[in-house]
Amino acid sequence: TKKNTSRISWNSDKPISEAISDFEIKDLIPTDGVNFWLSFEPIISIAEKNKDKVTIEYEIERNDLNKSWYESTNIFKGKIEIEKIASDELRITKTYTSSESNFVGDNLQKSLVNHFKTNNFIQKDTKLNKILFSDFSNEDRIVFFYRLSTNTESRHFEFKDIINMEFKPDNSTILPTEIDWMINKSELKLKGKQIHDTFFIKDKKYHKNLQFWEMESSFKFQHGNHEGNCNVILSFKDFENKGANAEFEITISNFSLINGSDYTSKHKSQVKNLLLDSFEERKDETYRNFIEDIENKKNASA
């Protein structure tokens, strides 16, 4: 399961539940040229005690052909959550499990925004604000990753180690002599322990020359009565294909519960999703504070 979050300005006093009441879900998947489809009509639900929080859940089926003779059907779930977090701002969270469910989620998100604009709930020239690779300088991006991993002040997570980083040299800059062996390298990976103590991370003079797009860290967690270990992957996953337009996402991997044999697969999945929601909230707060810090520095220097 992967998550990413967008924000957009809201221009109405109406609750989200009312604004979405006549929303038509259509044209999410092309009729030709794809091997997946919706299992059922997406389900819209309104939070019991919050008319400004709406969820749309969907499920897709995909046909896979193996060696030309065996056909299997895989099922992937997805979800869009729309919540008014201020009188003039919406947060839209997309949850998906495959490229296909991400594709449907993107189309659903676009369709929602168009519906809100058509009905004047959102001004027509307003853009959806996503967390993109291009939002950060090389230096700020690594600081953002580092803050999210090592400085996660949460009652649920305890940082253990950075275990994986993916990056490449920024060939638009002149590399320092110490790292000029990286020239023309398209991808570099650091795996192991104590990566945050390597000179790549500790020595800030190299940060402007390196484009980091993924960091994986290990954590201990405690959520309610549940304890265990997991890795959290922070990533601009599509950077190699989309470059500056790659969108930030969070994934939990290597998830394990203490006394895990006492839990069903469904229960484990529920705990994992609770942790992902918790980290997503932390990311949202960290990002807002980080952007505010960057703006303050710009204003101070000006």
Side-chain angles (χ1 to χ4, degrees), residues 1-6 47 50 53 55 57 76-81 83 85 91-98 101-102 105 131 141-167 189-198 201-202 212-237 247-290:
T1 302
K2 303 172 181 66
K3 280 184 182 285
N4 51 44
T5 305
S6 307
N50 185 358
K53 186 174 183 179
T55 301
E57 296 182 84
F76 302 102
K77 296 180 183 292
K79 179 169 63 176
I80 297 289
E81 296 169 279
E83 183 175 10
I85 56 173
R91 179 173 63 210
I92 304 176
T93 303
K94 178 178 62 175
T95 305
Y96 57 100
T97 55
S98 69
S101 55
N102 185 33
I131 302 179
R141 197 177 302 110
I142 184 60
V143 173
F144 178 59
F145 276 142
Y146 195 74
R147 279 192 189 182
L148 264 180
S149 287
T150 62
N151 294 345
T152 297
E153 297 173 3
S154 168
R155 66 183 187 276
H156 300 310
F157 293 92
E158 179 186 336
F159 172 74
K160 291 167 58 180
D161 201 1
I162 296 175
I163 60 173
N164 179 43
M165 297 198 74
E166 297 189 20
F167 61 102
K189 292 185 180 183
L190 286 177
K191 289 181 177 286
K193 296 181 179 181
Q194 301 295 313
I195 289 176
H196 49 287
D197 286 332
T198 61
I201 308 299
K202 293 189 73 173
F212 285 85
W213 67 81
E214 183 168 301
M215 177 185 285
E216 183 175 359
S217 300
S218 57
F219 293 88
K220 290 181 181 178
F221 69 79
Q222 182 170 359
H223 199 296
N225 296 322
H226 311 298
E227 294 182 56
N229 297 279
C230 69
N231 294 350
V232 178
I233 302 172
L234 312 170
S235 177
F236 294 93
K237 197 70 177 178
E247 190 172 354
F248 184 75
E249 68 178 34
I250 297 175
T251 313
I252 287 182
S253 67
N254 288 3
F255 169 83
S256 64
L257 281 161
I258 293 174
N259 299 323
S261 58
D262 296 340
Y263 297 88
T264 64
S265 295
K266 183 178 181 180
H267 195 176
K268 289 178 182 178
S269 181
Q270 289 171 342
V271 175
K272 187 176 179 181
N273 285 329
L274 286 172
L275 290 172
L276 188 56
D277 288 342
S278 177
F279 208 97
E280 179 70 22
E281 288 179 11
R282 174 60 184 162
K283 180 270 304 179
D284 209 32
E285 179 185 351
T286 301
Y287 177 69
R288 289 172 72 87
N289 292 337
F290 190 68

Looking only at heavy atoms, what is the nearest atom pair of [X] and [Y], with distance?
{"X": "L148", "Y": "F279", "value": "O-CZ, 3.6 Å"}
{"X": "I80", "Y": "G105", "value": "CD1-O, 3.7 Å"}
{"X": "D161", "Y": "G192", "value": "OD2-O, 4.4 Å"}

Would you say [X] and [Y] make side-chain contact, with heavy atoms under 4.5 Å?
{"X": "N4", "Y": "I250", "answer": "no"}
{"X": "T1", "Y": "T95", "answer": "yes"}
{"X": "F145", "Y": "F236", "answer": "yes"}

Q.
Checking T251 against K2: is there a side-chain donor and acceptor pair closer than 3.5 Å?
A.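 There is no such pair (donor and acceptor under 3.5 Å, judged by atom type) between the side chains of K2 and T251.
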(Q) If only side-chain N and O atoms count, and only distance matters, is there a donor-acceptor pair under 3.5 Å linking E216 with N231? (A)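 Yes, a side-chain donor-acceptor pair sits under 3.5 Å.
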To the nearest 0.5 Å, what is the distance between [atom1] ([X]) and [atom2] ([Y])?
{"X": "S217", "Y": "F159", "atom1": "OG", "atom2": "CZ", "result": "5.0 Å"}
{"X": "N164", "Y": "S218", "atom1": "CG", "atom2": "OG", "result": "11.0 Å"}
{"X": "E166", "Y": "W213", "atom1": "CD", "atom2": "CH2", "result": "6.0 Å"}
{"X": "D284", "Y": "I85", "atom1": "CG", "atom2": "CD1", "result": "6.0 Å"}
{"X": "M165", "Y": "L234", "atom1": "CE", "atom2": "CG", "result": "9.5 Å"}
{"X": "K283", "Y": "R147", "atom1": "NZ", "atom2": "CZ", "result": "15.5 Å"}

Q. Can you list the steps and then say if M215 with I162 is a side-chain contact (heavy atoms from CB on, under 4.5 Å)?
A. CA-CA 7 Å; M215 177 185 285; I162 296 175; 3.9 Å; yes
Q) Between the side chain of T97 and the main-chain N/O of K77, is any donor-acceptor distance below 3.5 Å? A)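 Side chain of T97 to backbone of K77, a donor-acceptor pair under 3.5 Å: yes, one is there.
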Q.
When you measure from the side chain of S149 to the backbone of Y146, do you find a donor-acceptor pair of N or O atoms at a distance under 3.5 Å?
A.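 Looks like no, no N/O pair under 3.5 Å.
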Q: Using a strict 4.0 Å threshold on nitrogen-to-oxygen distance, state whether E83 and R91 make a salt bridge.
A: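 Salt bridge flag = yes for R91 with E83.
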Q) So, E214 and K237, do they make that salt bridge, N to O below 4.0 Å? A)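 Counted as a salt bridge, because a side-chain N and a carboxylate O are separated by less than 4.0 Å.
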(Q) Just checking F157 against F219, ring centres under 6.0 Å apart? (A)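 Yes.
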Q. Would the F248 and F144 ring centres measure less than 6.0 Å apart?
A.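 Centroid distance F248-F144: below 6.0 Å, so yes.
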In a table with atom names and distances, give each donor-acceptor pair under 3.5 Å that connects a side chain of residues 254-270 to protein atoms at least two apart or in another chain.
unit_1: Y263; atom_1: OH; unit_2: H226; atom_2: ND1; d: 3.4
unit_1: T264; atom_1: OG1; unit_2: H267; atom_2: N; d: 3.1
unit_1: K268; atom_1: NZ; unit_2: G260; atom_2: O; d: 3.4

Q) How would you list, by chain and number, every residue that makes a side-chain contact (heavy atoms from CB on, under 4.5 Å) with N102, sequence neighbours excluded? A)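 Once residues adjacent in sequence are excluded, the partners of N102 under the side-chain contact (heavy atoms from CB on, under 4.5 Å) criterion are K94, Y96, D106.
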Q: For a side-chain hydrogen bond (donor to acceptor under 3.5 Å, both in side chains) with N229, tell me which candidate from E158, K160, K220 qualifies.
A: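 Exactly one option meets the side-chain hydrogen bond (donor to acceptor under 3.5 Å, both in side chains) with N229, and it is K160.
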Q.
What verdict does the side-chain contact (heavy atoms from CB on, under 4.5 Å) test give for F221 and V232, after you've listed the backbone C-alpha separation in whole Å, the side-chain angles of each residue and the deciding distance to 0.1 Å?
A. CA-CA 11 Å; F221 69 79; V232 178; over 6 Å; no
Q) Does a sphere of radius 6.0 Å around NZ in K272 hold more than 12 heavy atoms from other residues, nucleotides or ligands, not counting ones at 6.0 Å or beyond? A)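 Atom NZ in K272 is crowded, with more than 12 foreign heavy atoms closer than 6.0 Å.
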**Q.** Listed partners of H223 passing ring-ring contact (aromatic ring centres under 6.0 Å, His included), at least two apart
**A.**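 For H223 the ring-ring contact (aromatic ring centres under 6.0 Å, His included) partners, ignoring immediate neighbours, are H156.
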**Q.** Intermediate values then yes/no, side-chain contact (heavy atoms from CB on, under 4.5 Å), T55 and K79
**A.** CA-CA 7 Å; T55 301; K79 179 169 63 176; 3.4 Å; yes
